[in-house]
Amino acid sequence: MQEILVLNSGSSSVKFALYRVDDDALPLAYSGHFSGLTTSQCAVSLTRWTQDTNNDALPTAYHYDAQALASQGLRPAMTHEDAALMLMSWFDQREEKGTLAAVGHRVVHGGQTYHEAVRLTADDVAVLERFSSLAPLHQPHGLAPIKLLMKQMPDVPQIACFDTAFHAHQPQQARQFALPRELTAKGLIRYGFHGLSYDYIQRTLSSVFPDGASRARVIVAHLGNGASMCAIRDGISVASTMGFTALEGLPMGTRSGALDPGLVLHLISHEEMSVEDVSTLLYKRSGLLGVSGISSDMRELLASDAPEAQEAIELYCYRAAREIASLAGALGGLDQLVFTAGIGEHAAPVRARIVAQCEWLGMQLDPQANGHHAECISLPDSRVGVWVIPTDEERVIASDCLALLKEAD
């Protein structure tokens with residue numbers, strides 16, 4: 001029995017999923033999450049998934065408690081490397097273990113070099129490290145387990161799947177800044193991110209939308225601690241709110257989103273802030289946290305009566321509605337809007353506020369369906385369909401790993 005392990009490394013977390021290879025199918029065997037890395041709030045979770053082969057029902061989940069986790073050799077990790085080492089030890093100790101065919105990794109930035117999944121070499125890793133300044137919260141952490149596992153298990157393919165790849169074929173006018181051509185030639189362009197999430201949503205639309213529902217012009221709103229939107233025409237990304245880095249576009253948990261570049265110059269020249277100070281401000285002290293002064297967590301802000309919390313939510317939804325209008329312009333209209341990721345999937349009040357500001361585009365929300373987080377949350381006569389579809393970046397990575405392994409056979 002062959003298996004594919006997927007590692008999805010974030011700034012302070014590692015999500016993981018173990019899939020069994022069954023011809024072209026990839027049944028999920030385990031999933032889990034190391035959270036709070038490098039903090040005093042570090043934790044770990046593990047879920048085992050079982051499916052009766054004679055039953056079409058959803059898989060059954062068994063969630064391990066603290067004692068069961070300890071028996072599996074899993075404990076909170078302090079670093080991404082610690083998490084990877086613990087996972088490999090756990091993998092080897094399982095009674096029902098199979099043969100590890102590959103480890104798939106989410107890598108945020110592939111630059112202009114990597115447009116599809118690739119089995120990594122040391123030279124590839126060296127190239128990818130050059131992009132760390134473009135995604136400082138993610139790229140180093142995504143590469144750390146790769147470098148470790150390439151040394152620990154040199155015969156097991158380490159396969160990278162890139163968040164930028166889904167946007168690689170956007171038209172030139174969507175990727176180009178109005179900068180001198182020599183800078184554009186050096187790769188100072190809009191890359192776009194969250195591509196694995198958008199890729200998953202795009203792959204599921206045919207099974208979610210009813211027959212006859214148009215999929216020609218779709219906007220996907222990936223709203224989580226990191227947030228962006230993507231305009232998809234006939235399955236292809238044509239515009240995204242994120243650009244050269246994962247800082248542009250929507251306000252996020254702690255990131256500012258788009259702002260006047262002259263403001264950055266002002267901070268340096270008049271507020272006497274260093275480049276490092278500005279980077280910390282825009283990446284870690286802004287967004288929902290900066291505006292509210294309370295929290296970067298939308299759940300806490302929605303539960304708060306503080307006017308600063310409400311101001312942060314209003315700004316977030318206003319900016320989201322503006323970006324939807326912009327992307328609809330890039331598409332020449334809009335057929336469907338899809339919400340996904342943590343806020344998009346679970347924050348009904350946020351969805352309601354955004355859709356209310358987009359009624360002029362033909363959206364009509366079904367309040368009851370929205371409150372129950374239904375799959376379709378628009379009224380039957382809404383000209384634009386509005387949907388909630390959970391994303392699954394890990395499954396996209398596993399599928400791309402399997403395709404790459406089959407090509408190599």
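One-based numbering along the sequence shown. Computed from a predicted model, the values in this text were never measured in an experiment.
Taking CG of Asp65 as the start and CD of Gln67 as the end, the distance is 6.0 Å to the nearest 0.5 Å. Separation of atoms CG (Asp155) and CG (Leu100) is listed at 11.5 Å; rounding is to 0.5 Å. Arg351 contributes atom CZ, which lies 8.0 Å from atom CG of Leu365 (distance to the nearest 0.5 angstrom). We find the CD-CD distance between Gln152 and Gln158 to be 10.5 Å, quoted to the nearest 0.5 Å. Atoms CZ and OG, on Arg255 and Ser296 in that order, are 11.0 Å from each other to the nearest 0.5 Å. To the nearest 0.5 angstrom, Cys161 atom SG is 9.5 Å from His105 atom NE2.
When all heavy atoms are compared, the tightest approach of Thr340 to Pro390 is OG1-C, 3.7 Å. Annotation for Asp163 and Leu196: closest pair OD1-N, 3.1 Å, computed over non-hydrogen atoms. Residues Val6 and Glu394 share a closest heavy-atom pair of CG2-O, 3.7 Å. Taking each heavy atom of Leu69 and Ser45 in turn, the nearest pair found is CD2-C, 4.3 Å. Between Ala102 and Ile159, the shortest heavy-atom contact is CB-CD1, 4.0 Å. Smallest separation of non-hydrogen atoms from Gly262 and Asp260: N-OD1, 2.7 Å.
Each of Phe162, Phe193, Tyr114 was scored for a ring-ring contact (aromatic ring centres under 6.0 Å, His included) with His109, with one residue passing: Phe193. Applying the side chain to side chain contact (heavy atoms under 4.5 Å, CB included) test between Ile4 and each of Leu18, Ile397, Leu405 identifies Leu405 as the sole match. Test Ile354, Asn370, Ile389 against Phe339 for side chain to side chain contact (heavy atoms under 4.5 Å, CB included) and you get one pass: Ile354. Under the side-chain hydrogen bond (donor to acceptor under 3.5 Å, both in side chains) rule, Asp335 has a single partner from Arg233, Arg217, Arg215, which is Arg217.
For the pair Thr241 (side chain) and Cys230 (backbone), a donor-acceptor distance under 3.5 Å is absent. The closest donor-acceptor contact from the side chain of Ser292 to the backbone of Leu288 lies under 3.5 Å. Between the side chain of Ser240 and the backbone N or O of Met229 there is at least one donor-acceptor pair closer than 3.5 Å. No donor-acceptor pair closer than 3.5 Å links the side chain of Gln139 to the backbone N or O of Ser133. When atom types are taken as modelled, the side chain of Ser132 and the backbone of Glu129 share a donor-acceptor pair closer than 3.5 angstrom. The backbone N or O of His169 sits nowhere less than 3.5 Å from a side-chain atom of Arg175 that would complete a donor-acceptor pair. Of the possible polar contacts, none joining the Ser35 side chain to the Ser13 backbone as a donor-acceptor pair under 3.5 Å is found. Looking only at distances, no side-chain donor or acceptor of Gln336 sits under 3.5 Å from a matching main-chain atom of Val220. Looking at Arg75, its side chain never comes within 3.5 Å of a backbone N or O of Ala70 through a donor-acceptor pair. Side chain of Ser279 to backbone of Val275: no donor-acceptor contact under 3.5 angstrom is found.
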Report the C-alpha distance between Phe34 and Phe16 in whole Å, list the side-chain angles of each, state the deciding distance to 0.1 Å, and finish with yes or no for ring-ring contact (aromatic ring centres under 6.0 Å, His included). CA-CA 8 Å; Phe34 290 92; Phe16 60 92; 5.6 Å; yes
Start with the C-alpha distance between Thr280 and Asp277, add both sets of side-chain angles, then the distance that settles side chain to side chain donor-acceptor pair (under 3.5 Å), and finish with yes or no. CA-CA 5 Å; Thr280 299; Asp277 292 336; 5.8 Å; no
side-chain contact (heavy atoms from CB on, under 4.5 Å) evaluation trace for Thr184 with Ile189: CA-CA 6 Å; Thr184 302; Ile189 62 173; 3.9 Å; yes
Decide yes or no on side-chain contact (heavy atoms from CB on, under 4.5 Å) for Ser378 and Met363, but give the supporting numbers first. CA-CA 7 Å; Ser378 52; Met363 297 181 201; over 6 Å; no
Before you tell me yes or no, could you show the steps for Trp387 and Val218 under side-chain contact (heavy atoms from CB on, under 4.5 Å), namely the whole-Å CA-CA distance, both residues' side-chain angles and the distance that decides it to 0.1 Å? CA-CA 11 Å; Trp387 307 81; Val218 178; over 6 Å; no
Are Leu149 and Leu7 close enough, and set up right, to give a side-chain contact (heavy atoms from CB on, under 4.5 Å), and what steps lead you there? CA-CA 11 Å; Leu149 296 181; Leu7 302 184; 4.0 Å; yes
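Within the 4.5 Å cutoff, the side chain of Tyr316 has heavy atoms near those of the Leu223 side chain. Side-chain atoms of Cys358 and Leu337, non-hydrogen and from C-beta on, never get closer than 4.5 Å to each other. The side-chain heavy atoms of Leu205 and Ile232, taken from C-beta on, include no pair separated by under 4.5 Å. Using a 4.5 Å heavy-atom cutoff, the side chains of Tyr30 and Leu87 are not in contact. Residues Leu5 and Met88 have side chains in contact (heavy-atom distance under 4.5 Å, counting atoms from C-beta outward). Considering only heavy atoms from C-beta on, Met252 comes within 4.5 Å of Met242 through its side chain. For the pair Val107/Ile146, a side-chain contact is recorded, criterion being any heavy-atom separation below 4.5 Å from C-beta on. Arg119 is not listed as a side-chain neighbour of Glu407, based on a closest heavy-atom distance of 4.5 Å or more.
Under a 4.0 Å N-O distance rule, the pair Glu248/Arg190 qualifies as a salt bridge. Salt bridge Asp297/Arg299: present, at least one basic N to carboxylate O contact under 4.0 Å. Salt-bridge check for Arg203 with Asp400: passed, with a basic side-chain N closer than 4.0 Å to an acidic carboxylate O.
Remark: Phe177 CZ is packed, more than 12 non-hydrogen atoms of other residues, nucleotides or ligands lying under 6.0 Å away. The number of heavy atoms from other shown groups lying within 6.0 Å of CD (Gln112) is above 12. More than 12 heavy atoms of other shown residues, nucleotides or ligands fall within 6.0 angstrom of atom CD in Glu182. At most 12 non-hydrogen atoms from other residues, nucleotides or ligands lie less than 6.0 angstrom from CD1 of Ile236. Annotation for His266: atom NE2 counts as buried by contact number, over 12 foreign heavy atoms lying within 6.0 Å.
Side chains of Ser237 and His167: a donor on one and an acceptor on the other come within 3.5 Å. Remark: the Thr121 side chain and the Asp124 side chain contain an N/O donor-acceptor pair separated by less than 3.5 Å. Between the side chains of Ser197 and His222, at least one donor-acceptor pair of N or O atoms lies under 3.5 Å. Side-chain contact check for Thr99 and Glu3: no donor-acceptor pair (N or O, by modelled atom type) lies under 3.5 Å. For the residue pair Tyr198 / Ser228, a side-chain donor-acceptor distance below 3.5 Å is found, with atom types taken as modelled. A side-chain donor from one of Gln93 and Ser89 sits under 3.5 Å from a side-chain acceptor of the other.
Here Glu314 pairs with Arg353 under the side-chain contact (heavy atoms from CB on, under 4.5 Å) rule; sequence neighbours left out.
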